[in-house]
Amino acid sequence: MLRIDAITVKYQELAALTDVSIDIEEGKITALIGSNGSGKTTLLNAISGLKQLFSGRIYWNGEIISGCSPDKIAARGVIQVPEGRKLFPRMTVQENLQIGAFLPGPRREAEKTQKRVFELFPRLEERRGQCAGSLSGGEQQMVAVGRALMSMPKLLMLDEPSLGLAPIVTYEIFKIVKELNGQGLTSLIVSQEVLQTLSISDEAYLLEHGKIVMRGNAQDMLADPKVKESYLGI
Amino acid sequence: MNLTLTLQSLISGIMMGAVYALLGIGFSLTWGVMRVINVSHATFGLLSAFVSYSLFKTFGIDPIASLVLTLPAMFGLGCIIYWLLINPITRAKAVIVSSMILTFGIAIILENLILLMWGADPRLLTTSYTNKVYVIGPLYFQYPRLLGFVMALVGVSAVQFFLKRTLTGKAVRAAWQQPEASQLCGINLKKISMITFGVAIACSGAGGVGMAMLYSFEPHSHNLWLIYLFLVVIVGGVGNILGAAAGGMIIGIITGLSMAFMPYQWVNLLTFGLLMVILVIRPQGLFQSEV
Amino acid sequence: MTAKKMGFMKASGEFVGAILSVLLMCVVATADSKPIVIGGSLPLTGQHAEPGQWIERGMKFWAKEMNQKGGLLGRPVEFKIYDDESNVNKAVTFAEKAITVDKVDLLFGGYPGTAARAVMPVVEKHKFVYVSMGGHMKSFEQGYTYSFGGPPLMGEWWYEGFFQWLETVPADKRPKKAAVYTMNNPIGVSLTDSILRWTKKLGIEIVVDEKYNLPLPDATPLIVKAKQMDCDILCSNGVLPDGVMTIRAAKALGYNPKAILQGIGSVLPAWSKELGADGDFVFSGTSLHNKLKFPGNDKLNEFVKKEYQLDDYPIYFGFGYCWMQTLAQAVEGAKSLDQTKMRDWLKSNTVNTIAGPMKFDSKGLPDPINFCTQVINGKAELVWPAEVRTAEPVFPKPAWK
Amino acid sequence: MAHGNDRSGFYRVKLILVGIIFVLGVYPWLAPPVYFISFAFNVLTYITLATSWNIIGGYTGYLSFGHVAFFGIGAYATAVLGARLDLGPALVILASLPAGVVSALVAVVIGYPCLRLRGPYFAVITLCFAFVTELTVRNLDFLGGADGLWIKGLAMPIETSRSIFFELMLVLTVVCLSSAHWIETSRFGAGLRAIREDEEVAQTMAINTPKLKIMAFAVSAFFPGVAGGIYACYLTYIHPDIVFDVNISILIVLMALFGGGASWVGPLVGATLLTFVNEGLSTFVKAEFARIIYGCLFIIVIIFMPNGIVEFLKNLIVKRRLRTKFVKNKSSQLLS
Amino acid sequence: MLKGIGVEKRFGGLTAVTSLDFEIFDGEIVGMIGPNGSGKTTLFNLISGLFKLDKGAIDFQGFRISGLPPYKVAKLGIGRTFQIVRPLMELSLLENVTTAVLYGSSGLHEVDVARDMAMNILKFTGLDSKFRNFPGELGIEGRKRLEIARALGSKPKILLLDEVFAGMNSKEIEGAIELTFRIRDEYRITVFMIEHVMKAIMTACDRVIALRHGVKIADGPPEQVANDPEVIRAYLGESYAKN
């Protein structure tokens, strides 16, 4: 579905990603793990078009999307839930969701999707009139996921959805991702929460210093000592 | 203190302030949203004032009615200016400073175009209702001022409505609060910035007509108007529409009252001094900066 | 640089100068029809562009007329006009450029007062006759001998005529309390001079006296104050826009003094265009007027009517023309382009202009001018002195319509 | 400046500069038309103003839009000092030195609160400061109020007095430029540039930023003060409209940025070029068109040469040299 | 040498650092670890004076430094680097470091002498060959070295290194670790560093402090801290610790 073909991304002179290739298959959850600064967020931003590639290509269902502007990529259904949520803090929950459905396609279905989002996250319906900035971390993450869902994603990319959340909330978020996957939504999760991420994923990649150092079945990776080493340096 | 004098100055202050606010909201918008300090904002207002003046003099179209023509034209002009000139510098390191100098260049060009087309003499927009007055008890309401006040109310509410109720307006706010995330939602930043700039220039157009109904204007008037813009925006908080409205009122009231109770020649000094004090004490404005 | 060297330089400079002037004289002798170049700068753009452009038109009309008559000293005249963009510094450097680079034969007067004031010391050094509005009494008190106000736009004299007339009004009918509002610039300040002198003399009390910076933000508080203090004469010492705003506010607030004096806005045709009947009955002064019976005014009116579709010539058009008239008579009187001779001739003879005959004193000023105007039926009519009167003054002012 | 020039080149540059100064110094005594002396005087005035502005605006990165206030304060202080001390025409000029000190003191007082503001806020507050001083002067009768002040002119032939003013301004300009150059290469300048680049980092580098900023502001106010004093004596008549003209403020900012604010050469080139361009345009084109061209110039500079024309030309030359000498990757390194 | 007592910092409703006690001794290399947002950089900002403390105090060599402006703190001998490098972009490498030398605690005023000293520091950090270049022309590793060089320029007694190793490859990290040792041994500077690269922490540090949500959860030798269940939980999640 999404094929990343040997991309290199640079910040000025410095390479943040070197020669990274990833395949995301339809209907699966792919996990991307790796320690801080290993280039996970850069990879997502490269897919979303926020970051220009130095070399390599990204294909979406066979079509090249690298080089398109972010809004064009979003229009194809490649939607990112950014790290740190990046909600519109002085807009209400409802407005945040509305902006999620800004594109003409999703806009037509906005009412229906919103209903679905509220079903998934009943808490949001209670807080629909509240400013996003005043919500708790967990609720904010729900809004962020909800906003992404409003764009009717074909591929949902979550960047550190567990960041700064209590374990129970993290669990809830991951459960919903799995649930959505059950309904056929392809996902790419980037997380430091290694165990939980791997346990819901099908496929996994381990990123270290901007390079893929491991790829494989998520369950196999769970057991691999190399993962622990990559994180703790032991 | 004299009650009638106080009330009368208060009224005229509020009405003046409302028009400053109308002129100021667009300025606030571009500064807040795009980090572009549009020094030529007042000059665009002046341009629209001259256009309405000519429409009135040659075709007899009432300045208020001619807004139907001028506002879309100003909007379009704003979009073009953004596309051609502002967009190239938005990626520069010091956008704010570059934008000030760039738009200063635009202001020079516009001012001299106005000079070429209309000449240098001061103009007064004298319509059939310019000298009309409403009298309520001991208080007088001058018709053009009332009209300016109403225009400002409508203008500020319209912009507020645009930002808070329409999807495009919400997208503007979103792009402002989280440029990156808004792109991820499919918002084209360039297009949104262009619309914002267009709306801002259209506002300045309305504001310019409002100013023209209150004051005389000439090709150099925009310099003084610009000072009022800074006042309004800095008092009201950058990017805050209602703040700008309140800022305009506050400045109008202060000017009005000080004109009544202070030697007239110190009034401007007080206004500028006040701005300095506010800047030193609360550079973020008296009100929260808000979208 | 030692004194000796300086002396040498000066001597050699004089020598070169002498050779040059001999050469120049040869040229003059051989080509008598070489045009006389009159140089200087005017504010053709910028803040003072409007009057500046009218002055230019007046000057050009004079030149056209002069050349039709066969020129000055038998030579055609031509202008070298710079645009100083209403910038005083530029006005000074352009005057120097005209004198030292273009080597013009004559210098014309600049505008506005601030520019003229800054140019006056320069022309004094260069020894060039400078006929202009001058820039008010103070600049004529600096001891400059080459500067003339021919006629000046003299704020100090502006209301002279009005008060002279007011003196003829029975004392019990005269206003008792005055409100004085003045724009905070040299013209405004000089306008208050005659008010202060005459109100003391006539026993009128100044109750409100305020200055304001241009542009006037709002005239309402001014009028409210005047009204509350029961001022029965309003002196609004301003230009057109603030004057119009003041009248509008006065009408809006139902303030109806016995007389309204207005600075230099009410003599302009635009006054009645903006205010209509509300602009009527306002008093002012002037230095020259299109209805004066002196020869030339009719010609100007005729030309303006044909060329610009105006009923009467604008005041600055007249100034431009009149200053050139004065300068030309100095040349003709001295029968030479020698500036010092021209100066001396002006100091001892009388010139006849559209503003009347003028004889300049040691300061370079004519006798005080005491015209008083009043706007009646949309026209600035002369009401004083009695011998030039074109309409009877209306006093006290009728109530607003 | 700390890098680049090798010694011999440096001396050659120095020699050329001394030569230029000498030629300029002799120039008015060659008896050119007085106008050209006055014009050169104006060029020098603008060079001084732009260069001193650059100390706070270019080196330190604080865009002051109110620098004309210091010019005006200097002019008025000179006039008032001259009148109070009853100095003769020749001595009044000397009063411009204490007038410069007055300007610097005002800068210290006003700089203390204002320099806490950054970017556009600093620009606005300095602009306000210029208006406030202008209005204050206009409203104070002992400063001549709206009438302005007269100063007695030198009792000399115009050529001599103009030449004297030219020489004085030349001295001031040379002193100002050398100060700018000294600051650039000194510890002081290093601190200022650190502030421009990143004030917070500068603080962690143990740079006392508040003190340095105020010092820079005072220095950059001193020279306009002196220049204002000389200008007042030159014009013999000062008025708020003349010496507090906001356009001067804006013009010097643009001159400095046009040339490039990073080094002392920028304002020098910018002021010289723009004064000549202005002069040329106003002689040959209608003033409105001239100013439209002027406006376009700013837009072009901002869009195409954001670091000023000096830097732009330098890069152009470097680029041409590199095209012949080096391979491509090297050029990208040198140019970025 | 550097001591914090009950240090606390709040941003709005969020407490970034909660009553934190810590002490750094002379000659140590101390590491600080913790997941994102655990308040490490905030602590550095508090020490260097960029943020004001809400509660508690920080002493340096027995002298109260909390409440001092940053330039005074720096003058006393606390140097620091920034996580996201902040070189003075329009100054050459040499100028960057020279400026630091001129204003640092060495008390130098002569630019030429300072330049020589800066050159030595550039040599020490391995940047001497590029002294004329501008920071923009360096790779991330070079910039981090420059950041260190600039901090060394002001002759600190203690150096706060904020994620110097992030974004380097393993070879570069080895070089940087060596540099850290040399800073301590040759310049006699105490080092306090925030680090995510565990390999670096393990080899370089004498002691490690671990933070989570602004609270200290471990303090001790690297091996001990890395195997601390609290720390593992903080990093890898709840259930990983049990494995």
Side-chain angles (χ1 to χ4, degrees), chain A residues 41 44-45 47-52 68-92 94-108 110 131-133 140 143-153 155-159, chain B residues 25 28-29 31-35 82-83 87-88 90-93 159-196 236-244 284-285 287-291:
Chain A
T41 301
L44 288 200
N45 284 346
I47 298 172
S48 287
L50 290 173
K51 188 76 204 146
Q52 295 304 306
C68 290
S69 63
D71 53 299
K72 295 268 155 48
I73 292 173
R76 289 170 197 245
V78 179
I79 305 295
Q80 188 193 144
V81 181
E83 182 180 3
R85 277 120 21 201
K86 303 232 165 88
L87 296 181
F88 309 120
R90 288 181 297 276
M91 291 168 84
T92 62
Q94 171 114 39
E95 283 173 327
N96 266 280
L97 295 180
Q98 270 179 340
I99 293 294
F102 180 77
L103 287 161
R107 200 181 304 172
R108 261 170 267 139
C131 266
Q140 287 195 6
V143 178
V145 174
R147 185 179 66 186
L149 290 177
M150 290 299 288
S151 316
M152 307 214 298
L155 170 66
L156 184 67
M157 305 189 289
L158 297 129
D159 195 356
Chain B
I25 44 177
S28 188
L29 209 59
W31 187 347
V33 180
M34 297 188 286
R35 318 262 99 212
Y82 178 82
W83 201 252
N87 190 38
T90 45
R91 277 171 309 255
K93 198 174 62 177
V159 172
Q160 190 69 5
F161 179 84
F162 166 72
L163 285 175
K164 295 273 174 177
R165 292 276 175 272
T166 65
L167 191 62
T168 317
K170 284 175 188 173
V172 170
R173 286 162 63 210
W176 186 346
Q177 294 174 12
Q178 273 294 347
E180 209 163 82
S182 69
Q183 280 179 292
L184 294 175
C185 293
I187 292 170
N188 185 335
L189 273 189
K190 242 188 233 174
K191 217 162 110 190
I192 283 293
S193 306
M194 194 173 82
I195 291 172
T196 313
V238 174
N240 186 341
I241 301 304
L242 292 181
Q284 72 274 39
F287 307 97
Q288 197 101 60
S289 191
E290 198 215 337
V291 192

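Only this structure's heavy atoms are used, side chains among them; waters, hydrogens and symmetry mates stay out. Every chain is numbered from 1, with letters handed out A, B, ... down the list of sequences.
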> Tell me the closest heavy-atom pair linking A/Gly49 and A/Pro70, and the distance in Å.
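So the two residues come closest at O-CG, 3.6 Å.
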
> Taking B/Leu184's backbone N and O only, do any of them form a donor-acceptor pair with A/Gln80's side chain (distance below 3.5 Å, no angle check)?
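No: the side chain of A/Gln80 does not pair with the backbone of B/Leu184.
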
> Select, from A/Asn45, A/Leu103, A/Val78, the one with the greatest count of heavy-atom pairs under 4.5 Å involving chain B.
A/Leu103

> Can you check whether B/Leu163's main-chain N or O pairs, donor with acceptor, with B/Arg173's side chain at less than 3.5 Å?
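Such a contact is found between B/Arg173 side chain and B/Leu163 backbone.
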
> Check whether A/Leu50 gets within reach of chain B through its side chain, its backbone, both or neither, counting any heavy atom under 4.5 Å.
side chain

> Checking A/Met91 against A/Gln98 for the side chain to side chain contact (heavy atoms under 4.5 Å, CB included) test, could you report, in this order, the C-alpha distance in whole Å, the side-chain angles of both residues, the deciding distance, and whether it holds?
CA-CA 10 Å; A/Met91 291 168 84; A/Gln98 270 179 340; over 6 Å; no

> Would you mind checking which part of A/Leu87 comes under 4.5 Å of any heavy atom in chain B, side chain (CB onward), backbone (N, CA, C, O), both or neither?
backbone

